[in-house]
Structures are given as C-alpha cells and as structure tokens.
There are 2 protein chains.
Amino acid sequence: MATEQNDGLSDSQESFSDFWTTTFQIPDLNDVDLEGIELAEIVKKCEEAVPNENVKVETPTVLDTDVNIVKKEFVKQRPVPSQIIDKKVPFLCVESFSGEHDFQVVFPHDKSPITKCIHHTYSPDLKKLFAKMGERCPLHFTCASPPPPGTVIRAVPVFRQSENMMDIVTRCINHTLQDKSSHEATSHFIRAEMPDAMVEYSNTVHGRESVTVLYQTPDSGKENTMLLYRFMCNSSCPTGINRRPVSLVLTLESDTGEVLGRSVIDIHVSSCPGRDRTGEETKAQAPHMKKQIKKRFVNKRKHEAPKEKDDDNDLYYLPVKGREKYELLKKMKIALDLEELVTPEQKQNYYAQEEENQRSIV
Amino acid sequence: MATEQNDGLSDSQESFSDFWTTTFQIPDLNDVDLEGIELAEIVKKCEEAVPNENVKVETPTVLDTDVNIVKKEFVKQRPVPSQIIDKKVPFLCVESFSGEHDFQVVFPHDKSPITKCIHHTYSPDLKKLFAKMGERCPLHFTCASPPPPGTVIRAVPVFRQSENMMDIVTRCINHTLQDKSSHEATSHFIRAEMPDAMVEYSNTVHGRESVTVLYQTPDSGKENTMLLYRFMCNSSCPTGINRRPVSLVLTLESDTGEVLGRSVIDIHVSSCPGRDRTGEETKAQAPHMKKQIKKRFVNKRKHEAPKEKDDDNDLYYLPVKGREKYELLKKMKIALDLEELVTPEQKQNYYAQEEENQRSIV
DNA sequence: CAGGCATGCCTG
DNA sequence: CAGGCATGCCTG
Ligand SMILES: [Zn+2]
Ligand SMILES: [Zn+2]
C-alpha cells in the first residue's frame, strides 16, 4: 500500500512524460502560460503550413524561438508547457522507402573485432545498431542521385513497441539535469556531431525531438555520406527510454520539408554494445537454450574459432509407439506451437488466474 | 574524449551534490541569493546556539522556515542555495553509546521465512538491516530508564565509507522530482511513519537531512518502542546513494538537543532485500568460493494441500516419476492451458505456416 | 513469489 | 579490455 502513493516510487516500463509537466509548479511565474500559448500558436501555424509531420525550420532566427529551445530552457528553469511534452503524439511513420534518389542507410562491414564495450557495432542478423552512450557513432548514407540543394537528413528516435509508439523519446531526467554543458539541446536523446555541416535541433509539429544535418555529397573518393551522431542516454535509462526498444527514423527531406526518402534502423544504446550484440544474436539463434557456454569475448591478443549449434530450427523425428500416445503427443506438439502465438496480455491474464486458483485451493 | 565533457554522462560512485547548485541558473530570480543569505544566517545562529551538530527545532513555526523546507521548495522550483547543499559536511559521529538510559536499537528475532523480496530483514551476522524501498520498516528501541519528557529519536543516514562520509545522504534526482505527493520532505531519504507520534523533518546545522520522532514509552505489554520508517530510495539509486554503503545514525536526544545515546546500524535498501541478505551472508562466509549451490527461496505455496471441486473444473494430481518428465509435462500443461487462449485467426495463420513448413521439407 | 535475465559498472 | 558482480525488474 505504501508504494501505491504518488511518491515517486512507481517504476517499470512506462512513460514518464507526465513528470515534465507536473513537477514544476511555480505560481509566481504566470508569464509561463502566455509563452505556452504562443508556442501552441506557432505549432499550429506550422501544422497548417506543412501537412507533413516534420517541420523544417527555415532560418536560425526562427530556430531560436523553436519549441525545442523553449523546452530546453523550461526543463532547467521553468515548468514545461503541457502542450509540448505531456501528451501522447501520433505515430511517426516508420516505413522505409528509398525514393527517387534511392536514399539508404548502409553499414560498411567493419573488420575490427567486436570488443565488449566497442563504441558502435551493427548486427546484420538483427538489423540493429548497438552503440555506447555518449560516444561518436557514424552513420553512412547513400543517394543514387544528388538531392536538391538544401536537403537535410533528419533523425528522430521512436519507440518500437506499439504500447510506447505514441511517447516521445527524450533524454532521461538524470542526464538532462546533470548536463551542465552549453549544448543547445541537452534534453535531446540524439545529437549530431558535425563540425562542418549545419546542424539544427528542432521538434516535429507533434513535439518529437529531432536533429537535422544538411545533406552533403560524399567526400571525394567516398561513395557515401558519413554523419556522426551521439546517443545521450542508455536504452535502459530510468525516466527516459527505460529499457523500451527504440528505432531511429532517418529521413531525407527537401528544404520545403518534403520527405524524399526514409530509412529506419533499430538501435540499442548501452555501456557494453559488444556484449549486448552477441548476447542478442545468441538468444535469437537459440531462444530457449540454457546459456551453458557463454559467449566469450576474445582478448585481442588471443585467437579462437568455435561456433554455436543452432538446434532451435532443426527438425527431429520422434518415433512414437502406439496410436493413442501418438495422438496425444501430436496434440501436445500443436499446443506447444500454438503457445508461442499467445500474446503477452493473454499470458498475463492466464498467470493472474493461475495465482487465483492456487490461492483458492488452500 | 567525448565523455570527458560535462554533458551529464559522467557516472560511477561519486557524489552528485554538485548538481543541485549548478543545474538551476535563473538570472531573473535575484531574490534567490537574498534568501540564501538569510538561510545562512539562520544556520549560523543555530550553530552558535547549540554546539552539538544536531539542532532540535523548537517549534513547528520555526520548522516552517527550516532550511530543509526551503531546500525542498528549491529542489522543485528554484536553485538550491549552495551553502546548504553543495558542500562537504563534517563527519557525523557514528560511535554507538547507550548512555545513562541504556538506549539501544534491537531486532527481535523474526520467525517468518526470508522471502526474496521481503520488506525488511535484519542480518545478525552482518549486523545489517536489509529493507525494500518505500515499504514500512519497523525499528525497535529500548531504554532501561525513561528519558525526560520531550526526548526524541533522531534518524540521520550517513555514508559508511571514508570517501563519502562528508557527503549528505539525500534522495536521488529521479525519485525526488517524480514525487508528486504532498509529503513535506520529498527530498529526504528517510521518512518516519508514525500516525500517533510527532514527527519532524529538519536538517542538522551542517545540512544533513534528518527526521525526529517524539520518544514514547513502550506500549503496555511491550518491552520496546517501535517506530516505523520508510526508505525512499534504493541504495543503488543513481544520483542518490548510488550504491555507496550507508548507515543509519539513531540518537536519543533531549529537548535541548543533548545526545543521550546513539546507535548506528548498517542499512541496505533494494528491491530484493531477502536475496541481497542471503547473498551477502554467503559471500561473507565463503568470500572466494564460486557460487555453485545457489540459495533457493522456498515458495510459500509449494507444500500446501489441495481441495475438492466438481465437474469440468475438478483438480487432479498427476504423479510423475522423474524430474525431466515432470518438467516437460508441466510445460505441456501450461501449453494446453494457453492453447485455449489462441484466437481462431491465430490458429489459421499457424496452420497455414505449418503447411508451408511441410512443403519445404520435401 | 522464486528464477533468472539485463545491464551498469567494478576489478584485475 | 574481459570477467563477472550487483541489482532492478520481467517471466512463468
Ligand atoms: Zn539517461
Ligand atoms: Zn532514488
């Protein structure tokens, strides 16, 4: 009962966006509301002007009054306007399409060994990028034909699970408030680190935080455009991503905000990207096998060769003597297969009911 | 190099008290400094008046202007005055002495089994109290002779390691800011839950957060005084205790602030106090032994007896010889139960996929 | 409610 | 940098 109170002790995989609005209550700062309304009007204007969810902020001057900047200041100093943060927002389109310029995110094969805490590593099997918080992480883009001048690449993080897709991915409370750098977007989960390219932090009309980088043709001799990003929270951060799976939506956008192409990649940010990659790959290959032989990271100086056996998809033939047993086990086999189709919600209800039954036995 | 910046990504076992002062920078709230100075003067006065570090706040009226209350408001609304929080404070005396009233903290033997997530459990071997965050935790006190009227029991948490002993134990950022209850001390790590006794939250002259409860003689028939506390953070909380060992200093204090007795206990607050207690006890006994035989927690319901019902909901017991068969059939039973939850649509897809698989075998 | 995973981080 | 612990929390 003690933990039922709203005393900050609730936990688990939920959104904490609620926090941002209700935590700061400053009765003597009434101008806040005024600013909030003004913002809402700005947002409204954008919404009317651009049907696409992504809003390209035209000039740096406008950027200064962008909702994002305002939010950042509010996070550190004032209440966050509820219309910006405290809401479920519409799904962001996560459907990849390369478009007329054949826009794609590519991961050049990295020959260096996957150390446990490698800064970034991409798993082709899982189609997932594993990165270390705070470290530079390169992403490579290709275009078959050069897009028009002023085209940008926008990065927007989204939650992958349906339960969370309407929540905004943002930085956790701890990391946001502890950030004493002069960065202009301390609340953003993703930053772009391009000394030469123009970077802009802005929000979509619905309030999703994004960063755009001016598209540049590949450096001479290179066949793709490389941008450096930094992920400013772990995927596990409490009050932030909080262990929820996240994808990164990368869009090629014209200077009018038209989406020319879209590419979506799964990402996992942690302190040990190498460990987590191999762990997930192993689990994907042998879901139910007890981790007897734990994947060992090879000390760079040593060498090795062994490989794991994947018996989960192997086909076996079970000889069964007698019709009755065969029929029963056939039923069992079907039940086992069907069991995998049961949704988590169904299972939850089932186990809750089981508990009940156990209790009523006594 | 990226992580060397002050962008909120530093971690490890360090104090975060620095955060409270530098995070909030509000140039247009100059009155803050004034208030800060005023506070400093209040503190100064107390310091001059009472040589002992612990300051008994005389009246509730004074309590309202206590540094603690001010801090709490600042945490949520304004910069925290640096003179209150952002400093190393002198060691608090952690030497136990029972004094003339033979003041002691006692832990009556608890006969109930130590479940994994028991709310509180004391290890006599380790002389350490393991508690679950947010749950009521009783502490029992004894006095050989009744102390004078107005005597209180003060609880102050302190870090046990020398590197941290000068830091103030307080609640983590996440839990403090997420606490939307109307509690008067949302930033405090320790709360007292005494409906009948008088509770006061205050700070020592050096800024350590404490809670005092008016001492009451044991209820008739009881031989000790029981107080209920709640620990509002885990020992692991980032930006809070952050995995650093913590002790609880319990002092019996007269109404003039004189310390009549002191008792110090080690505490560990986590989500699984039972597991952590047995784990630490095991490690203390066999420090270097590999954990081969892991301590098993006994399911309370495991040995309970069945009951009779009727019809299709009858419960039967299937004797199974052999562990492996039992495990398999247990899985089967669950599968059969879950199978009933599968929707017709799911089944349709399943059988279609089965066909596919069959064909691909050939 | 116990088993056990996921994951930050401490150690050698 | 890999091994491995500590610990919140998910699963069955
Ligand atoms: Zn974070
Ligand atoms: Zn906490």
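As the structure is a prediction and not an experimental result, all values here were calculated from the model. The chains referred to below are lettered A, B, ... by the order of the sequence lines, with proteins before strands, and numbering in each begins at 1.
At a threshold of 4.0 angstrom between heavy atoms, the contacts of A:S271 include nucleobase atoms, whether or not backbone atoms are also involved.
Salt bridge annotation for A:R171-A:D179: present, with a cationic side-chain nitrogen under 4.0 angstrom from a carboxylate oxygen.
The nearest whole Å value for the distance from the CD atom in B:E135 to the C1' atom in C:dC1 is 14 Å. Distance CZ (B:R275) to C1' (C:dG3): 11 Å, rounded to an integer number of Å. When the P atom of C:dG8 is taken as reference, atom CD1 of B:I241 falls 21 Å away, rounded to whole Å. Taking atom CZ of residue A:R243 and atom P of nucleotide C:dC5, one finds them 16 Å apart after rounding to whole Å. Distance B:N242 CG to C:dT7 C1': 15 Å, rounded to the nearest Å. Between B:I114 atom CD1 and C:dC1 atom C1' the separation is 15 Å, expressed in whole Å. B:N234 places its CG atom 7 Å from the P atom of D:dC9, with the value rounded to the nearest Å. In this structure, the CZ atom of B:R244 is 13 Å from the P atom of C:dC9, given to the nearest Å.
Donor-acceptor pairing under 3.5 Å is recorded for the side chains of B:S270 and B:D276. At a cut-off of 3.5 Å, with distance as the only test, a side-chain donor of A:E209 or A:S187 sits close to an acceptor on the other residue.
Between A:K283 and C:dA6, a side-chain N or O to OP1/OP2 separation shorter than 4.0 Å is present. Residue A:S236 has a polar side-chain atom (N or O) positioned under 4.0 Å from OP1 or OP2 of C:dG8. Phosphate contact (OP1/OP2 of C:dG4, side-chain N/O of B:K116, threshold under 4.0 Å): absent. Put simply, B:H268 has a side-chain N or O that comes within less than 4.0 Å of OP1 or OP2 on D:dT7.
Under a cutoff of 6.0 Å and an axis angle of 45°, A:R277 and A:F130 do not form a cation-pi pair.
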